[in-house]
**Q** 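I'd like to ask some things about the structure below.
If you're wondering where the values come from, they're calculated on a predicted model, not measured in any experiment.
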Amino acid sequence: MQLLINIVFIILGAAVVLWGADRLTGGAVALAERMHLSQMVIGLTIVALGTSMPEFFVSLTSALKGTTDMAVGNVVGSNIFNSLLIVGCAAVVAPMTIMRSTVTKDIPFALFASLILLLMCINGNISRLDAAILVAVLFLFFYVSFKGAKETQADDNQQSAEEEQPSSPIWKALLYVVLGLTGLIIGSNIFVDHAAGLAKQLGMSEAVIGLTIVAGGTSLPELATSIVAARKGSSGIAIGNVLGSNVMNILFILGLTGLISPMQIQGITWTDFSMLGISMLLLWLFSFTRFKIERWEGVLLIAIFIAYMTSLILS
């Protein structure tokens, strides 16, 4: 009976997440038009920050309860989930066009954030000093993103303002963003609670639960948002959401969580950290091919993710 209840609520949580993703994507596109910012920048910042809220609450709660392996495993697993499964699924739905600035600036920054995390975890803990460095780099990320957006969009905005006016009022766009984020957070919490309960019944460790069930559940907003955005032809939001979420997970979530409660790392292996870096390198490599992630590349990313998850669970 408990198994059936968990399955029903897992499906319910996923449905709420999908509804929220549809509202968030529509509101974010309209907001980008109103603010004269590219969909990429909106995806990197506003959408990414919103869809990273489940990871933040799960990691913060885990750290405060002393289960720091789940907190760090949630972030590492979510980033692997984002780079392999989410990008793969979005590319299968619709091949994603990648802007040159994404290949030369945004992906390298996300890879840089992953490298910082790897270096900080060598000694087996994330101290308050480490966390402060992560938060400082986060502010640098926001500065670079918005500064670059203003420079690259200046000329385009003048032309688009003369040609076309956004049809959706800004209050409606903001309402859709808020409704979408609310649905994503509520739905992902329902999913994570019952998925984690199911995993514990199966005797899985905290680290593995964080890397798999919790990471997958808290990444549902990114998955739903990116697939819906790709289906609607908004590839800028789709890829921007993934990259921005990866950066937010490391710099914002582990940074703020580490400032509140320093974290010890024991159950996360170097295989997991290596896969974190490899997933970002693959995403960067595929983006170089005609600045587009094709369907076959998406299938390959999904296959690598399935192989990693299988080996993780079996071990």
Side-chain angles (χ1 to χ4, degrees), residues 44-45 48-49 51-84 86 105-145 205-212 214-216 218-219 222 242-284 308 312 315:
L44 278 169
T45 54
L49 184 60
T51 56
S52 290
M53 284 297 102
E55 285 95 335
F56 172 67
F57 288 121
V58 169
S59 292
L60 179 60
T61 302
S62 299
L64 291 176
K65 290 181 178 179
T67 56
T68 54
D69 276 348
M70 187 178 292
V72 179
N74 176 35
V75 167
V76 174
S78 292
N79 281 19
I80 295 172
F81 192 98
N82 291 347
S83 301
L84 296 180
I86 294 180
K105 183 185 67 176
D106 301 322
I107 297 180
F109 201 104
L111 187 59
F112 174 65
S114 300
L115 180 60
I116 291 177
L117 177 60
L118 289 174
L119 294 175
M120 288 182 174
C121 292
I122 289 177
N123 61 358
N125 69 82
I126 297 178
S127 65
R128 283 194 170 90
L129 176 60
D130 293 333
I133 293 174
L134 293 176
V135 173
V137 177
L138 174 65
F139 283 111
L140 175 63
F141 169 72
F142 279 128
Y143 173 77
V144 171
S145 295
S205 68
E206 289 178 358
V208 174
I209 291 175
L211 284 164
T212 56
V214 177
T218 55
S219 291
E222 287 89 342
V242 168
L243 295 176
S245 179
N246 281 9
V247 172
M248 295 294 177
N249 287 348
I250 295 173
L251 302 182
F252 172 68
I253 294 175
L254 290 185
L256 193 55
T257 301
L259 285 175
I260 297 172
S261 175
M263 293 173 283
Q264 297 292 325
I265 304 166
Q266 296 177 346
I268 315 299
T269 68
W270 281 107
T271 300
D272 304 319
F273 284 120
S274 298
M275 184 55 66
L276 173 64
I278 291 171
S279 63
M280 283 304 307
L281 286 173
L282 284 173
L283 178 57
W284 199 11
Y308 168 67
L312 183 66
S315 65

**Q** Checking Ile133 against Met120 for the side chain to side chain contact (heavy atoms under 4.5 Å, CB included) test, could you report, in this order, the C-alpha distance in whole Å, the side-chain angles of both residues, the deciding distance, and whether it holds?
**A** CA-CA 10 Å; Ile133 293 174; Met120 288 182 174; 3.8 Å; yes

**Q** Do the side chain of Asn79 and the main chain of Asn246 share a donor and acceptor less than 3.5 angstrom apart?
**A**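 Confirmed, Asn79 side chain pairs with Asn246 backbone.
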
**Q** For the atom pair OG (Ser83) and CD1 (Ile107), what is the distance rounded to the nearest 0.5 Å?
**A**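 Here the rounded value is 9.0 Å.
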
**Q** Under a 4.5 Å cut-off applied to non-hydrogen side-chain atoms, are Met263 and Thr257 in contact?
**A**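 With C-beta onward as the side chain, the pair touches.
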
**Q** With rounding to the nearest 0.5 angstrom, report the CG to CD1 distance, Leu283 to Ile86.
**A**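 Nearest 0.5 Å value for the CG-CD1 distance: 11.5 Å.
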
**Q** Can you measure from CD1 (Ile80) to OH (Tyr308) and round to the nearest 0.5 angstrom?
**A**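 Atom-to-atom, Ile80:CD1 and Tyr308:OH are 4.0 Å apart.
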
**Q** Keeping Ser279 on the side-chain end and Leu276 on the backbone end, is there a donor-acceptor pair under 3.5 Å?
**A**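 Looks like yes, one N/O pair under 3.5 Å.
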
**Q** So do the side chains of Val137 and Phe109 get within less than 4.5 Å of each other, counting heavy atoms only?
**A**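 Heavy-atom side-chain distance check passes, below 4.5 Å.
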
**Q** Nearest 0.5 Å, please: how far is CZ in Phe112 from CG in Leu251?
**A**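 So the CG of Leu251 and the CZ of Phe112 are separated by 8.5 Å.
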
**Q** Is a donor on one side and an acceptor on the other found under 3.5 Å between the side chain of Arg128 and the backbone of Ile260?
**A**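 Looks like yes, one N/O pair under 3.5 Å.
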
**Q** Heavy atoms only: give me the nearest Asp106-Leu243 pair and the separation to one decimal.
**A**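 Residues Asp106 and Leu243, closest heavy atoms: CB-CD1, 4.0 Å.
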
**Q** Side chains of Asp272 and Leu312: closer than 4.5 Å at any heavy-atom pair?
**A**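 They are in side-chain contact.
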
**Q** Decide yes or no for Leu117 and Val76: does some side-chain heavy atom of the first lie under 4.5 Å from some side-chain heavy atom of the second?
**A**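 A side-chain contact exists here, since the closest heavy-atom pair is under 4.5 Å.
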
**Q** Work out which heavy atom in Ala131 is nearest to a heavy atom in Ile126; give both atom names and the distance.
**A**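 Looks like N-CG2, 4.3 Å.
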
**Q** I want to check something: taking the side chain as every heavy atom from C-beta on, are Trp270 and Leu118 in contact at a cut-off of under 4.5 Å?
**A**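 Trp270 reaches Leu118 side chain to side chain.
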
**Q** Within a strict 4.5 Å, meaning less than it, do heavy atoms of the Asn249 and Asn82 side chains meet?
**A**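 SC-SC contact between Asn249 and Asn82 confirmed.
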
**Q** Identify the two heavy atoms, one from Ser127 and one from Pro262, that lie closest to each other, and give their separation to 0.1 Å.
**A**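 For Ser127 versus Pro262, the nearest heavy atoms are CA-CB, 4.4 Å.
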
**Q** Are Leu134 and Ile116 close enough, and set up right, to give a side chain to side chain contact (heavy atoms under 4.5 Å, CB included), and what steps lead you there?
**A** CA-CA 8 Å; Leu134 293 176; Ile116 291 177; 3.6 Å; yes

